[in-house]
Amino acid sequence: MEKYSFDSYAEKYDAWFLENRNVLYSEVKLVAYFLKDAGRILSVGCGSGLFEMILEKEFDIIIKDGIEPSADMAEIARKRGLSVEIGTAEDMQVETGLYDTILYNGCPSYISDLAKSIKNSYDALKEGGRIILIDIPKESSYGLLYNLAKATGTWAHELLNGVYPRNPYPIELVCQSNWRTTAEKITLLESAGFSNLEFAQTLTKHPIYSNHAVEEPVAGYDSGDYVAICGYKRK
C-alpha cells in the first residue's frame with residue numbers, strides 16, 4: 001500500500017460516499033455482518049474513519065484502533081475518535097495475539113503485498129480470532145467497470161458512456177487500485193492458515209442502479225460487487 005495513495009484525496013473520498021449514501025450504507029451493513037461479538041478490532045487501512053464512526057453510532061460496534069498509510073486520512077480518523085498508527089499493512093508490527101478481529105474494509109486492492117499483510121494479521125490475532133477481507137472482486141460488475149476506467153485513464157471514454165454511475169468513484173483512486181478475484185483472496189487466506197471461510201455480499205444490482213436503495217447483505221459471493229470473506233485462526 002503506497003503511503004501517498006490517499007494523501008490529498010481524503011475530503012474527496014468522504015464526499016463521494018456521502019453523495020452515494022445508499023451505497024455507503026449497503027457497504028456499512030456488510031461490514032457489520034461479521035462483527036457481532038468481534039472483541040477488540042483493528043481496522044487496517046481505516047481511511048478517514050467514516051465507516052468506523054457510523055458503525056459505532058448506529059450499530060454499537062466499537063472500533064478504536066486503526067492503521068492507515070495516508071497522513072491526511074489518519075488526521076480525519078483521529079478527529080472521529082480512532083487511535084491511528086501511520087503505516088502500511090505490509091509493515092505493521094502488532095503484538096502477537098493482541099486482537100480478536102482484524103478488518104480490511106475496502107483496502108485490499110490498495111495493498112501491494114496482500115500475502116504478507118494477511119500473514120501479519122494471522123500473527124496478530126488471538127487463537128480463534130477472525131480476519132475479514134472486504135473489497136470489490138475483480139470479476140464483479142464494479143471490478144470490470146473500474147478496470148476499464150483504469151485502462152482508459154478516464155470516465156469520459158466513449159466505451160464508458162452510459163454505463164457508470166452518476167457520481168463515479170474518483171478516477172485518481174481507481175487508477176491506483178489492483179483488484180483481485182475472490183478466488184485469489186481465498187487462496188491467500190488459506191495459505192496463511194485461515195480456515196472455516198464464510199462469505200457475504202452486497203451491491204447486487206448493476207453499478208448504475210446500486211445507489212437507488214440500501215441493500216441488506218446476503219450470504220455468498222457469486223452476485224455481489226462488494227464481498228466480505230471471514231476466516232478464522234486455527235486454535
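Given the structure is predicted, the values throughout are model-derived calculations rather than measurements.
Put simply, CG on L55 and NZ on K57 are 12.0 Å apart, with the number rounded to the nearest 0.5 Å. Between the CG atom in N178 and the CG atom in N147 there is a gap of 8.0 Å [rounded to 0.5 Å]. To the nearest 0.5 Å, atom CG of residue L125 and atom OH of residue Y99 are 10.5 Å apart. Atom OG of S177 sits about 11.5 Å away from atom CD1 of I111, to the nearest 0.5 Å. Rounding to the nearest 0.5 angstrom, the gap separating the CD1 atom in I86 from the OG atom in S70 is 7.0 Å. Remark: L82 CG to E68 CD distance equals 10.5 Å, nearest 0.5 Å.
Looking at every heavy atom in both residues, S117 comes nearest to E90 through OG-N, 3.4 Å. Of all the heavy atoms in E198 and Y232, the pair that sits closest is OE1-OH, 3.0 Å. M53 and R80 get closest at one heavy-atom pair: SD-NE, 3.8 Å. Across D225 and S141, no two heavy atoms sit closer than the pair OD1-N, 3.1 Å. In terms of heavy atoms, L98 sits closest to K126 at O-CE, 3.8 Å. Here the shortest heavy-atom pairing between P207 and L145 reads CB-CD2, 4.0 Å.
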Might you work through the side chain to side chain contact (heavy atoms under 4.5 Å, CB included) test for V227 and K185, ending with a clear yes or no?
CA-CA 11 Å; V227 169; K185 284 174 275 191; 6.0 Å; no
Evaluate L203 against E27 for side chain to side chain contact (heavy atoms under 4.5 Å, CB included), listing each step before the verdict.
CA-CA 8 Å; L203 302 182; E27 293 188 3; 3.6 Å; yes
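Using cut-offs of 30° and 60° on the angle between ring planes, the pair W155 and Y164 is tilted. Relative ring orientation between W179 and Y146 is described as tilted, the plane-to-plane angle lying within the 30° to 60° band.
Looking at heavy atoms from C-beta onward, D72 lies out of side-chain contact with I76 at the 4.5 angstrom threshold. Proximity of L103 to I134: side-chain heavy atoms (C-beta onward) are separated by under 4.5 Å at one or more points. Contact annotation: the side chain of K64 never approaches that of R40 to less than 4.5 Å [non-hydrogen atoms, C-beta and beyond]. With contacts defined as side-chain heavy-atom distances shorter than 4.5 Å, the pair L114/E184 does not qualify. When side chains are defined from C-beta on, Y33 does not count as touching E216, because their heavy atoms never get closer than 4.5 Å. With a 4.5 Å cut-off on side-chain heavy atoms, I61 and I41 count as touching. Proximity of Y110 to L173: side-chain heavy atoms (C-beta onward) are separated by under 4.5 Å at one or more points. Side-chain atoms of I54 and L24, non-hydrogen and from C-beta on, do get closer than 4.5 Å to each other.
A salt bridge does not link K29 with E215: every distance from a Lys NZ or Arg NE/NH1/NH2 to an Asp or Glu carboxylate oxygen is 4.0 Å or more.
When hydrophobic clusters are built by joining Ile, Leu, Val, Met, Phe, Trp and Tyr residues whose side-chain heavy atoms come closer than 4.5 Å, directly or via intermediates, L197 is grouped together with Y221. Hydrophobic cluster membership is shared by V163 and I136, with clusters built from Ile, Leu, Val, Met, Phe, Trp and Tyr side chains linked at under 4.5 angstrom. Linking ILVMFWY side-chain heavy atoms closer than 4.5 Å, directly or via other members, places L133 and V218 in two distinct hydrophobic clusters. When hydrophobic clusters are built by joining Ile, Leu, Val, Met, Phe, Trp and Tyr residues whose side-chain heavy atoms come closer than 4.5 Å, directly or via intermediates, L30 is grouped together with V23. Note on F51: it clusters hydrophobically with V214, by side-chain heavy-atom contacts below 4.5 Å among ILVMFWY residues.
Every residue meeting the side-chain hydrogen bond (donor to acceptor under 3.5 Å, both in side chains) condition with Y142, not counting sequence neighbours, appears here in chain and number order: S210. By the side-chain contact (heavy atoms from CB on, under 4.5 Å) test, A192 pairs with I118, F194, sequence neighbours left out. Every residue two or more places apart in sequence or in another chain was checked for a side-chain hydrogen bond (donor to acceptor under 3.5 Å, both in side chains) with T101, and none qualifies.
K233 contributes no side-chain N or O that, together with a main-chain N or O of G129, makes up a donor-acceptor pair within less than 3.5 Å. Here the side chain of T154 pairs a donor or acceptor atom with the backbone of A156 at under 3.5 angstrom. A donor-acceptor pair under 3.5 Å is absent between the side-chain atoms of N20 and the main chain of N211, judged by distance alone. Side-chain atoms of E127 do not come within 3.5 Å of backbone N or O of R234 as any donor-acceptor pair. Between the side chain of Q201 and the main chain of D222, a donor-acceptor pair closer than 3.5 Å is present. Without hydrogens or angle criteria, E56 side chain to I62 main chain gives no donor-acceptor distance under 3.5 Å. Here the side chain of D123 pairs no donor or acceptor atom with the backbone of T96 at under 3.5 angstrom.
Within a 6.0 Å sphere centred on NZ of K205, other residues, nucleotides and ligands contribute 12 heavy atoms or fewer. Annotation: F59, atom CZ; neighbour count of heavy atoms from other residues, nucleotides and ligands within 6.0 Å is above 12. Shown here is N161, whose CG atom has more than 12 heavy atoms of other residues, nucleotides or ligands within 6.0 Å. Within a 6.0 Å radius of CZ in F34, other residues, nucleotides and ligands contribute more than 12 heavy atoms.
Defined by atom type and a distance below 3.5 Å, a donor-acceptor pair is present between the side-chain atoms of N105 and Y226. S121 and Y104 share a donor-acceptor pair across their side chains, judged by distance under 3.5 Å alone.
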